[in-house]
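To start, the structure itself, in structure tokens.
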Amino acid sequence: FIGAIRGDDITVKSYKVESRITSRFCHTTVKSSVVNSGPNAQSIGFNVQIPKRAFITNFTMNVNGITFVGSVKEKTVARSLYAQARARGKAAGLVRYRTTHNDMETFKTEVHVPPGSKIEFELHYQEMMQRKLGFYEHSLYLQPGRLVPQFQVDVYIYEPSGIASVETPNTLGEHFSGMAKLTSSKHKAHVVFKPSLQQQRKCENCTTSAIDGIFTVKYDVLRDSNAGELHVSDGHFVHFFAPANLSPLPKNIVFAIDVSGSMWGVKMKQTVEAMQTILDDLTMDDYFSIVDFNHNVRCWSEELVPGSTIQVAEAKKYIQNIKPNGGTNINEALMRAVQMLVKASNQGMIDPRSVSMIMLVSDGDPTVGEIKLSAIQKNVKKVMREEFSLFSLGIGFDVDYDFLERIAMENRGVAQRIYTSHDASDQIRRFYSQVSSPLLRKITVQFPENSVSDVTQNHFDKYFSGSELVVAGKVLPSESTTLNSFTTASADRLDLSLQTEADYLELDAELAQQQHAFTGFARQMWAYITVNQLLAERSLAPTAGQKRKITQRILTLAVEHQFVTPLTALLVESEEAKERLLADSPKDPKQGYKNICIGPSTSPTSLPVTDVCLCVFCVTVENDPHFIVHLPKNNMDICFNIDSEPGHILNLVSDPGAGVVVNGQLVGSKRVGVEEKEKVNTYFGTVSVFYQPDGIRVSVSTDRIDLTDGRNNHSFTWGATADITQDRVKVSIVKDSKVMVTVDDKITVMVLLHRVWKKHPTHVDFLGLYIPNNNQYSSEAHGLIGQFGQEPEVRVFNLHQGADPRKKEATMEVKGNKLVVTRGWQKDYRQDSKRGSDVFCWFIHNSGKGFIDGHYTNYIVPRLDSFLPL
């Protein structure tokens with residue numbers, strides 16, 4: 001890894017980073033413009049290190065005027081497209097991720113281009129700021145690898161509650177001391193780092209850049225009370241809880257330290273250094289002991305002892321004399337640590353309000369005793385009491401960090417990887433500092449009934465000084481203008497009950513006036529927290545069935561909110577969808593690189609769109625709304641309009657046997673310059689597909705696409721391509737174009753989006769509807785469209801000149817009726833969404849009377865999920 005931009009004889013025109021932090025949620029954009037100034041074609045790379053906890057949300061690339069735009073898809077879809085491109089032997093580039101040091105991931109991509117080519121890279125990622133030791137710390141890894149004429153970093157912070165402090169520690173070294181410029185007011189701060197070309201040089205005449213490291217911004221917010229802050233925006237809420245000025249709870253802690261042979265040398269030396277400081281932090285109110293283990297397990301003291309000066313000095317001497325050797329018996333060490341806490345509790349030594357914890361420090365997998373990780377996990381969970389917590393520290397990369405993380409999460413703790421560098425002892429001390437001052441136990445954040453939904457974790461075992469608890473969710477419609485939250489917790493010798501409130505509209509009004517605020521922060525933060533919690537639940541799921549359900553929820557949210565997670569991938573495709581770039585999510589280095597390609601492929605979605613466009617029997621519904629029904633047996637197309645009113649909901653397919661109903665709601669054209677009594681044109685503004693067996697409804701409007709399952713509502717925009725699967729319903733969204741809904745792999749509906757000029761005096765955005773003949777309806781299917789699943793017998797005769805010389809007339813016999821029909825044409829917009837193509841058909845007058853069963857008013861239903869009455 002030699003810099004953000006890789007390649008020979010290239011010119012980096014610009015490298016710009018912008019972070020917008022609003023209410024602790026950050027959206028970062030990294031942009032670079034590069035020219036292949038060499039004489040030959042070559043591969044040019046773009047590398048960015050991002051925080052491990054961040055989710056990439058988009059990556060775009062412009063190569064000589066061809067733009068590749070990103071969208072998040074299920075990983076199986078990405079791999080399928082990758083395989084298609086590889087099969088054609090067209091691989092032209094790759095994207096790679098790799099975990100590096102200091103909790104960063106490396107995003108890598110490269111593209112092969114001819115000389116003179118201009119490439120523009122743009123990466124977006126989002127993350128929630130985590131409060132540790134009293135500060136939020138935003139880190140940007142800067143390593144351009146060369147001098148850049150236009151190099152600039154901007155960090156914009158907007159905090160509605162106010163900013164208590166903000167600083168830019170000089171983490172890039174003395175060379176850049178004082179170059180970061182900070183301006184701040186009560187609610188806003190702006191940090192800009194913009195070294196000139198000369199200032200970037202390592203020395204006065206050097207041609208290499210001195211920029212290589214982490215650029216850091218630290219800040220904290222004003223807090224009026226211990227009740228927390230409640231922010232309501234864009235139909236979502238976020239509750240921040242970080243009380244201060246409370247007495248720490250006494251703690252009971254057992255240190256379980258790996259002293260196997262692999263810890264010999266620097267690892268053990270740094271662990272001992274860290275423990276010297278940690279032990280000094282103990283007070284007389286704290287109780288502790290030490291378990292050290294290799295193939296055997298030893299206890300410094302068989303019982304917990306108070307953290308007195310004498311006991312601490314004895315413990316420090318004991319640790320200093322440890323000589324690492326032998327294997328690793330993690331299971332027995334943890335059993336012994338838990339037994340100590342249980343014994344102390346049974347003997348009444350432990351204060352009921354104290355916090356009991358085990359801190360495990362290890363650098364490798366178990367090799368002695370019980371070595372099956374799942375068995376160790378079960379054993380620990382079985383003996384751990386509800387009031388105990390386990391914190392895991394994994395030193396280096398030989399340890400199975402996933403296991404340490406699972407065992408900690410399952411037992412109300414967290415894990416931390418310690419990187420084997422010169423500051424490993426500082427990393428251990430810093431982690432301990434984060435959990436050394438518990439202030440509260442049993443914290444619960446609640447809201448009035450029917451005021452919120454989809455709430456993230458709202459019960460917490462402990463709150464540590466300098467940290468923050470965050471709860472988010474959706475706000476339900478209400479007559480009230482304020483949202484209340486109620487927090488209960490247990491502190492040292494007192495019980496707390498706290499309340500705070502927030503206005504529904506106030507924050508949105510403030511955000512609208514801020515130039516650099518991230519207006520969608522609440523919605524994205526809720527999704528970010530939810531996805532991370534679901535990923536944690538998934539790793540602990542006891543059965544395959546539960547894991548599948550959690551996986552599906554993660555996929556739905558990740559696609560809806562455009563997060564690249566371990567279960568999704570980023571599809572980057574040219575506007576013509578002729579070339580693609582696929583990016584998998586970051587992997588642990590044990591898994592190695594993920595190599596993905598650019599190459600031509602076939603379809604922009606995983607669903608067979610062409611099957612619908614080339615179907616033998618299609619029902620097409622467009623504006624007016626007009627219907628085109630193709631009858632293959634009769635080799636003819638039939639057209640008719642429905643002369644209804646805005647607001648009416650028309651049933652298109654009602655199939656109680658299959659449990660599927662498709663309805664469309666009409667909207668009217670604008671009434672500018674139209675007489676009140678004059679009839680307006682109508683169009684489909686909303687199309688709904690309801691699958692009764694699973695209780696799932698997909699509602700497509702000109703604004704958005706909603707997927708509801710009775711409990712959860714997921715909303716998607718037309719602005720991004722997405723594939724969603726929930727139970728037996730699949731939804732595929734093609735950006736600003738169309739939506740495919742497939743039910744139980746038997747019934748498909750395609751909805752086309754038609755945008756019009758917003759200032760047009762009468763026209764409005766509307767939807768087109770296309771349904772293929774190969775839909776497998778039951779014998780009970782009916783509706784304006786569903787009835788033609790069984791093709792009627794049709795005979796056309798008596799062809800003659802009509803009133804309009806361009807259109808002939810004839811007589812049609814159908815369903816026992818004789819109808820006067822006119823030869824004309826209608827537009828089909830599937831191939832050309834703007835101009836459409838003409839379909840010649842026999843037009844039936846009077847809203848299809850005689851061709852459809854009954855009168856069209858029989859197909860008006862009360863709700864978007866209503867079946868036709870039997």
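Everything numeric here is computed off the predicted structure, so don't read it as measured data. Below, each value reflects all heavy atoms present in this structure, side chains not excepted, and no hydrogens, waters or symmetry copies. Along the sequence shown, residues carry numbers from 1.
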Looking at [X] and [Y], what are the two nearest heavy atoms and their distance?
X    : Y    : answer
V452 : L476 : O-CD1, 3.5 Å
S778 : A658 : OG-N, 3.8 Å
D508 : S233 : OD1-OG, 2.6 Å
T565 : A558 : CG2-CB, 3.9 Å
L769 : I785 : CD2-CD1, 4.0 Å
V687 : L767 : N-CD1, 3.8 Å

Is there a side-chain contact between [X] and [Y] in this structure, where contact means two heavy atoms from C-beta onward sitting under 4.5 Å apart?
X    : Y    : answer
L652 : F627 : yes
I628 : H630 : no
D655 : V661 : no
Y770 : K738 : no
H763 : Y683 : yes
F640 : V629 : yes
F59  : F68  : no
L868 : V861 : yes

Answer with yes or no whether the side chains of K807 and Q801 bring together a donor and an acceptor at under 3.5 Å.
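The answer is no; no qualifying pair exists.
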
Distance alone, cut at 3.5 Å: any donor-acceptor contact between the side chains of H124 and T29?
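The answer is yes; a qualifying pair exists.
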
Crowded around [X] [atom1]? As in, over 12 foreign heavy atoms under 6.0 Å?
X    : atom1 : result
E793 : CD    : no
K818 : NZ    : no
R755 : CZ    : yes

Centroid-to-centroid, Y528 to F55, below 6.0 Å?
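Between F55 and Y528, which both carry aromatic rings, the centre distance is below 6.0 Å.
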
Between F851 and F788, is the ring centre distance below 6.0 Å?
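Yes, they do, as the ring centres are separated by less than 6.0 Å.
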
Mind jotting down which residue pairs meet the side chain to side chain donor-acceptor pair (under 3.5 Å) criterion with at least one end in residues 840-849? Sequence neighbours excluded, please.
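Every side chain to side chain donor-acceptor pair (under 3.5 Å) pair that includes a residue of residues 840-849, provided the two are not neighbours, is T822-H845.
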
Residue pairs fulfilling side chain to side chain donor-acceptor pair (under 3.5 Å) with at least one residue in residues 692-701, sequence neighbours excluded
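Non-adjacent pairs meeting side chain to side chain donor-acceptor pair (under 3.5 Å): D694-R728.
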
Listed by chain and number, what are the side chain to side chain contact (heavy atoms under 4.5 Å, CB included) partners of T530, not counting sequence neighbours?
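Listed in chain order: T456, W526, L534, L557.
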
Measure from NZ or CZ of R795 to the centre of the six-membered ring of F797, then state whether that distance is under 6.0 Å and the direction lies within 45° of the axis.
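So R795 does make the cation-pi contact.
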
Before you tell me yes or no, could you show the steps for Q562 and N58 under side-chain hydrogen bond (donor to acceptor under 3.5 Å, both in side chains), namely the whole-Å CA-CA distance, both residues' side-chain angles and the distance that decides it to 0.1 Å?
CA-CA 7 Å; Q562 295 292 284; N58 206 349; over 6 Å; no

Under the side chain to side chain contact (heavy atoms under 4.5 Å, CB included) rule, what do V729 and T742 come out as? Steps first, then yes or no, please.
CA-CA 6 Å; V729 177; T742 303; over 6 Å; no

Closer than 3.5 angstrom, by distance alone: can the side chain of [X] be matched with the main-chain N or O of [Y] as a donor-acceptor pair?
X    : Y    : result
Q126 : I56  : no
S737 : V734 : no
E791 : N634 : yes
D234 : G520 : no
Y856 : D643 : yes

Drop me the distance from [X]'s [atom1] to [Y]'s [atom2], to the nearest 0.5 angstrom.
X    : Y    : atom1 : atom2 : result
N774 : I771 : CG    : CD1   : 11.5 Å
I649 : D865 : CD1   : CG    : 8.5 Å
H800 : E809 : NE2   : CD    : 4.5 Å
H27  : F518 : NE2   : CZ    : 6.0 Å
I550 : L555 : CD1   : CG    : 12.0 Å
I860 : H855 : CD1   : NE2   : 9.0 Å

Kindly indicate, with the supporting measurements, whether the criterion side chain to side chain contact (heavy atoms under 4.5 Å, CB included) is fulfilled by Q665 and R863.
CA-CA 9 Å; Q665 186 166 29; R863 300 188 314 275; over 6 Å; no

Once the angle between the rings of H782 and Y859 is folded into 0 to 90°, is it parallel (under 30°), tilted (30 to 60°) or perpendicular (over 60°)?
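Plane angle under 30°, so parallel.
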
Aromatic ring pairing F690/F867, orientation class (parallel under 30°, perpendicular over 60°, tilted between)
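Ring orientation, 0 to 90° scale: perpendicular.
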
Does the distance from a Lys or Arg side-chain N to an Asp or Glu carboxylate O, for E74 and K730, drop under 4.0 Å?
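Answer for the salt bridge query: no.
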
Quick one, T568 with F563, criterion side chain to side chain contact (heavy atoms under 4.5 Å, CB included). Give me CA distance, side-chain angles, the key distance, then yes/no.
CA-CA 8 Å; T568 51; F563 290 152; 5.6 Å; no

Please walk me through it: do V794 and L631 pass side chain to side chain contact (heavy atoms under 4.5 Å, CB included)?
CA-CA 9 Å; V794 177; L631 304 177; 3.7 Å; yes

Please determine which of N663, L666, V751 meets the side-chain contact (heavy atoms from CB on, under 4.5 Å) test together with F684.
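That would be L666; it is the only one of N663, L666, V751 passing the side-chain contact (heavy atoms from CB on, under 4.5 Å) with F684.
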
